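One structure is given below, encoded as structure tokens.
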Amino acid sequence: MVKITFSIIKADIGSLGGHHVVHPEIIDLAEESLELAVEKDIIFDYFVCNCGDDLELIMTHNKGENSSEVHKLAWDTFLKATERAKELHLYAAGQDLLADAFSGNIKGMGPGVAELEFEERKSEPVIVFMMDKTDPGAFNLPLFRIFADPFNTAGLVIDPRMNKGFDFLILDVKENKQVKLSCPAEMYDLLALIGTTGRYVIKQIQTRKGMPCVSVSTTRLSLLAGRYVGKDDPVAIVRAQSGLPAVGEVLEAYTFPHLVAGWMRGSHYGPIMPVGLNDAVCTRFDGPPRIVSLGFQITNGLLVGPVEYFDDPSFDRARQVCNEVSDYMRRHGPFMPHRLGPDEMEYTTLPNVLKKLEDRFEEAS
Ligand code: F6R
Ligand code: MG
Ligand code: MG
């Protein structure tokens with residue numbers, strides 16, 4: 001059986017109307033670049049889109065995860081896009097390209113990467129999730145519910161292929177260490193970690209037999225750069241059906257617009273809104289954070305589709321709740337818990353403001 005690799009590599013290389021949306025010319029330019037790569041047999045197929053101000057390169061190939069050829073293709077595409085973004089004076093042109101030159105693997109250079117290598121099943125539905133104005137920990141809650149919570153996923157109880165549970169690979173983004181935990185046996189330990197969304201993030205999920213099901217981009221730009229350079233706006237790949245959660249079970253988790261870190265200046269908690277591609281526009285207070293979901297069939301390594309999942313009235317209620325929660329959170333203005341806590345604010349511009357008060361503090365009487 002031939003293995004294929006599904007890669008999403010994404011970056012904010014500049015946007016139109018502030019930190020808002022990718023310019024249509026940039027999408028065209030990225031498509032041209034990936035079309036050439038198909039002709040050169042670097043990749044099998046591609047789909048280019050944007051989630052807000054993030055340019056998303058969705059690709060299939062047979063080069064495996066961390067292929068320097070595929071990563072270089074993405075890096076060169078982002079460089080070309082940045083050149084045009086600079087000519088157009090797009091906002092924050094080149095923002096996520098933190099390195100000067102490509103060094104073999106795009107991870108750690110700024111762009112976000114989610115990759116999954118697997119044997120294509122007889123029918124292979126794959127779901128792509130793309131978020132804007134938040135960070136990788138935003139996937140913790142929904143992925144836990146999809147792969148570990150029987151109140152979300154009926155198959156965990158009903159389908160004998162699923163009821164042994166799944167293994168979660170958790171990354172400590174601060175220490176760059178990882179740990180594998182099995183659900184349901186170690187569910188409480190898993191929750192003890194992933195409830196701390198700014199530090200412990202779900203990186204991969206596998207079946208008990210080691211079949212890869214999920215990959216999440218885990219870049220923390222601020223930790224790479226040591227300063228605030230925009231949020232990490234993560235992406236995830238989720239395989240579905242036939243012994244894995246059904247597409248509807250995967251999507252069900254997004255009917256709850258949970259609170260995520262990000263929003264304005266990457267410094268606020270706010271609810272994440274599930275939307276179609278056309279509504280992935282962060283307007284109000286640079287948000288609220290958005291999530292888009294596309295479905296593909298992988299057919300002999302090619303991408304058939306996509307379908308859009310959240311462009312659907314059954315997510316209207318989630319969007320309505322999201323708007324209500326946004327009103328409620330916004331009324332806190334600069335106060336926690338709307339504004340992030342001091343740990344997370346360390347990588348914003350707030351410490352520079354606090355610094356100027358340092359000398360004015362005196363011993364309290
Ligand atoms: C969040 C984000 C925006 C900016 C905000 C200020 O990830 O990108 O909310 O932080 O618009 O941007 P500057 O400082 O570039 O004016
Ligand atoms: Mg931006
Ligand atoms: Mg973004």
Side-chain angles (χ1 to χ4, degrees), residues 8-24 26-27 30 48-58 74 78 81-82 84-86 88-98 110-114 128-139 197-198 216-225 227-236 259-275 277-293 326 329-330 333-334 338-340 344-353:
I8 314 176
I9 308 186
K10 47 97 19 196
D12 177 347
I13 54 86
S15 46
L16 174 62
H19 288 284
H20 193 56
V21 289
V22 174
H23 193 290
I26 299 288
I27 303 264
V48 178
C49 62
N50 69 297
C51 181
D53 58 9
D54 292 285
L55 176 63
E56 315 273 355
L57 312 179
I58 298 170
F78 292 141
T82 298
R84 186 65 188 131
K86 285 187 172 160
L88 290 168
H89 291 206
L90 295 183
Y91 197 67
Q95 175 189 279
D96 285 359
L97 307 188
L98 300 181
V113 185
V128 166
F129 289 104
M130 296 165 279
M131 292 178 170
D132 191 25
K133 303 289 188 270
T134 185
D135 62 22
F139 277 114
T197 49
V216 183
S217 66
T218 51
T219 316
R220 292 293 316 258
L221 283 172
S222 53
L223 297 177
L224 285 175
R227 65 189 157 87
Y228 182 70
V229 271
K231 270 288 168 195
D232 312 297
D233 302 338
V235 291
L259 293 174
V260 300
W263 208 348
M264 174 56 74
R265 297 175 188 276
S267 306
H268 296 82
Y269 285 109
I272 191 150
M273 183 184 275
V275 290
L277 277 173
N278 288 336
D279 290 323
V281 284
C282 286
T283 48
R284 179 183 182 181
F285 201 54
D286 284 358
R290 310 285 158 127
I291 176 164
V292 166
S293 176
S326 295
M329 294 300 285
R330 282 299 303 126
H338 181 26
R339 205 212 67 195
L340 304 187
E344 292 279 304
M345 293 302 289
E346 216 180 289
Y347 294 100
T348 70
T349 42
L350 184 69
N352 297 334
V353 175

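Because the structure is predicted, anything quoted here is derived from the model rather than measured. Just follow the structure's listing: the first ligand is 1, and inside any ligand the first atom is 1. Computed over heavy atoms, backbone and side chain alike; hydrogens, waters and symmetry mates excluded.
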| field | Close side-chain approach of Met131 to Cys51, heavy-atom, < 4.5 Å | value |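 In short, these two side chains do not touch, never coming nearer than 4.5 Å.
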| request: Select one of side chain, backbone, both or neither to describe which atoms of His19 lie under 4.0 Å from any atom of ligand 1, heavy atoms only. | output: side chain
| Side chain, backbone, both or neither: which part of Trp263 comes within less than 4.0 Å of ligand 1 when only heavy atoms are counted? |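 The part of Trp263 near ligand 1 is the backbone, not the side chain.
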Backbone N or O of [Y] within a donor-acceptor pair of the [X] side chain at under 3.5 Å?
X: Thr134; Y: Ala261; result: yes
X: Asp233; Y: Lys133; result: yes
X: Asp96; Y: Pro111; result: no

| said: Would you call the rings of His338 and His268 parallel, tilted or perpendicular, taking 30° and 60° as the class edges? | reply: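 His338 vs His268 ring planes: tilted.
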| said: Quick check on contacts: which atoms of ligand 1 are under 4.0 angstrom from a heavy atom of Tyr91? | reply: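 Counting atoms of ligand 1 from 1, those under 4.0 Å from Tyr91 are 13 (P), 15 (O), 16 (O).
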| message | Geometry only, no angles: is Asp53 polar-contacting ligand 1 at N/O separations under 3.5 Å? | response |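 By distance alone, the answer is no.
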| query | Purely on distance, is any nitrogen or oxygen of Arg265 under 3.5 Å from one on ligand 1? | reply | yes
| message | Restricting to N, O or S atoms, which atom of Asp132 is closest to the Mg ion (ligand 3)? | response |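 In Asp132, the N, O or S atom with the shortest distance to the Mg ion (ligand 3) is OD1.
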| Closer than 2.8 Å to the Mg ion (ligand 2), which protein N, O or S atoms? |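 Within the sphere that stays under 2.8 Å of the Mg ion (ligand 2), the protein atoms of type N, O or S are Asp12 OD2, His19 ND1, Asp53 OD2.
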| side chain to side chain contact (heavy atoms under 4.5 Å, CB included) between Ile13 and Leu97, intermediate numbers included | CA-CA 7 Å; Ile13 54 86; Leu97 307 188; 4.2 Å; yes
| field | Single hit among Asn50, Leu90, Leu55, Asp53 for side chain to side chain contact (heavy atoms under 4.5 Å, CB included) with His23 | value |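 Answer after filtering Asn50, Leu90, Leu55, Asp53: Leu90.
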| remark: dist Met273:CE -> Cys282:SG (nearest 0.5 Å) comes out at 9.5 Å
